[in-house]
Amino acid sequence: MSGDLLLNKLVVHSFKSIVNQEIPLGLVNVFVGANGSGKSNALEALGVLSAAASGRVDDESLKYRGVRPGVPRLYKSAFSKKLSPHIFFEANAEQTSYAVSLNNPLEKPRPSWRYKTEDLRFGGSSVASRGIKTVKNSEQSIAALKVVELSESDPAAKLMGLLRDYAIYTPNTLVLRGLLTDAQTRDPIGLSGGRLAEAVRELKVAASADNFIEEALDEIREMIDWIEDFDTTSMTDAILSASVSRPRQVLRFRDRYMRPGKNVLTAHDASEGALYVLFCAALVLLPNSPKLAAVDNLDHALNPRLTQRLIRSLCKWVIDNPIPRQLLFTAHNPVVLDGLPLEDERVRLFVVDRNSEGHTVIQRIEITEERRKLHAEKGWPLSRLWIMGHLGGVPNV
């Protein structure tokens, strides 16, 4: 990877169903596999590491990042073979790394996890570290305190900042419509899709001075083929029922097939697919979005054709973005694979499965000669190769 600091590897030990995995990350990272295989666990492992980098690992810091809070016995791997009592995470970015092991008693757990070991490194040298015998302030990160003393341009500070801003987004249709409040509001958009109208308004403003965002909005208009255009408004009396919750800003769509003057819809009436597309665009295009983010079940509420089209555009918006971005997401719809430009090293597909012992195994899938041959001879897209069992990660039902 070139440009600003981004992750190139995530290491996870003894966390939930993940016993020991190393994940080589690109710019766009797609995790597919059966339900219960451990896809979300991979996203949440990075979320726990993000909380650790922020200085404290407790329920509030985890929920803020979209991680499902749980008691220690749900976080620690509990297979028949005895494993380490600690959970361990490490993130690598070029010559910089941050590693931490955390512990919390299974019986009488504490509100915050204890840091057992911690090591922030750059260029082979330790910037901040603690060992198992370090008891003082065991619930507070030493590395997070050290970073305060570093300049913003320091690679170690950049890595910790990248990790701290990470969050897992799970868009919810009612929140996207503005009918429910987002439990975790973030700038520019909440973890469940709150502030979507405000984020779209920011996109429209940014597009007036940014050709990259302007072209992306043109793609969205083509993608959602029933709309003539979209914007936001605070004047809703004529287009929104008085019984419907009224946020300060409301999304407004113009249907190209309806008569002018009677073709205006709000987020309350528009298709949820349109809302999900705008959510994804806001997340990866707005300058103030996190550089490192994840979306769980990204293909939710999208039909196959729109899914494939969105994935293709999403990869472009991340890869070609002037502001360095890194995205992880899980998916269940096979057509997601057909939108991925896997010939680009920066786009990576991972199949997630459980082995004979129940451990989550995360395997990067590359386009081998055999797979190219199947595609050429039989005309099978990548989605069919997955369904036919040529990639792994297929539900055994």
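As a basis for the values below, the full set of heavy atoms in this structure was taken, side chains included, without hydrogen atoms, waters or symmetry mates.
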Exercise. Under a single-linkage definition using a 4.5 Å side-chain heavy-atom cutoff for Ile, Leu, Val, Met, Phe, Trp and Tyr, are I18 and F88 assigned to the same hydrophobic cluster?
Worked result: no
Problem set entry | Heavy-atom closest contact (N8 atom, E94 atom, distance) | ND2-N, 2.8 Å
Exercise. Has the side chain of D4 got a donor or acceptor atom that lies under 3.5 Å from a matching backbone atom of P324?
Worked result: no
Seminar exercise, completed: Correct closest heavy-atom pair for A42 and L10 would be O-CD2, 4.1 Å
Problem set entry | salt bridge (charged side-chain N to carboxylate O under 4.0 Å, His left out) assessment of D165 paired with K291 | CA-CA 8 Å; D165 290 342; K291 292 182 180 179; over 6 Å; no
For this session: Please say whether more than 12 non-hydrogen atoms of neighbouring residues, nucleotides or ligands are located less than 6.0 Å from NZ in K204.
Result: yes
For this session: Would you check if there is a donor-acceptor pair between the side chains of S313 and R309 at a distance under 3.5 Å?
Result: yes
Exercise. Considering residues, nucleotides and ligands other than E343, do more than 12 of their heavy atoms fall under 6.0 Å from its CD?
Worked result: yes
Exercise. Does W226 have its ring centroid less than 6.0 Å away from the ring centroid of F253?
Worked result: yes
Exercise. Where do P72 and L106 come nearest, in terms of heavy atoms and distance?
Worked result: C-CD2, 3.9 Å
Exercise. Any chance CZ of R256 has more than 12 other-residue heavy atoms, nucleotides or ligands included, within less than 6.0 Å?
Worked result: yes
For this session: Check whether any side-chain heavy atom of L349 lies under 4.5 Å from a side-chain heavy atom of I365, and answer yes or no.
Result: yes
Exercise. Are the side chain of K76 and the backbone N or O of F15 linked by a donor-acceptor pair below 3.5 Å?
Worked result: no
For this session: Give a yes-or-no answer on whether the side chains of T330 and N297 include a donor-acceptor pair shorter than 3.5 Å.
Result: no
Seminar exercise, completed: On a heavy-atom basis, the closest approach of K116 and N103 is CG-CB, 3.6 Å
For this session: Please check if atom CZ in R201 has more than 12 non-hydrogen atoms from other residues, nucleotides or ligands closer than 6.0 Å.
Result: no
Exercise. Do you reckon V11 sits in the same ILVMFWY cluster as V352, going by side-chain contacts under 4.5 Å, direct or chained?
Worked result: no
Exercise. For E22, what residues pass the salt bridge (charged side-chain N to carboxylate O under 4.0 Å, His left out) criterion, not counting sequence neighbours?
Worked result: K9
For this session: Considering only NZ, NE, NH1 and NH2 on the basic side and carboxylate oxygens on the acidic side, decide whether R221 and E228 come within less than 4.0 Å.
Result: no
Problem set entry | Side-chain donor/acceptor of R354 to backbone N/O of G36, under 3.5 Å | yes
Exercise. To the nearest 0.5 Å, how far apart are CZ in F79 and OG in S17?
Worked result: 5.5 Å
Exercise. For the residue pair F350 and F31, does the interplanar ring angle fall in the parallel (under 30°), tilted (30 to 60°) or perpendicular (over 60°) class?
Worked result: parallel
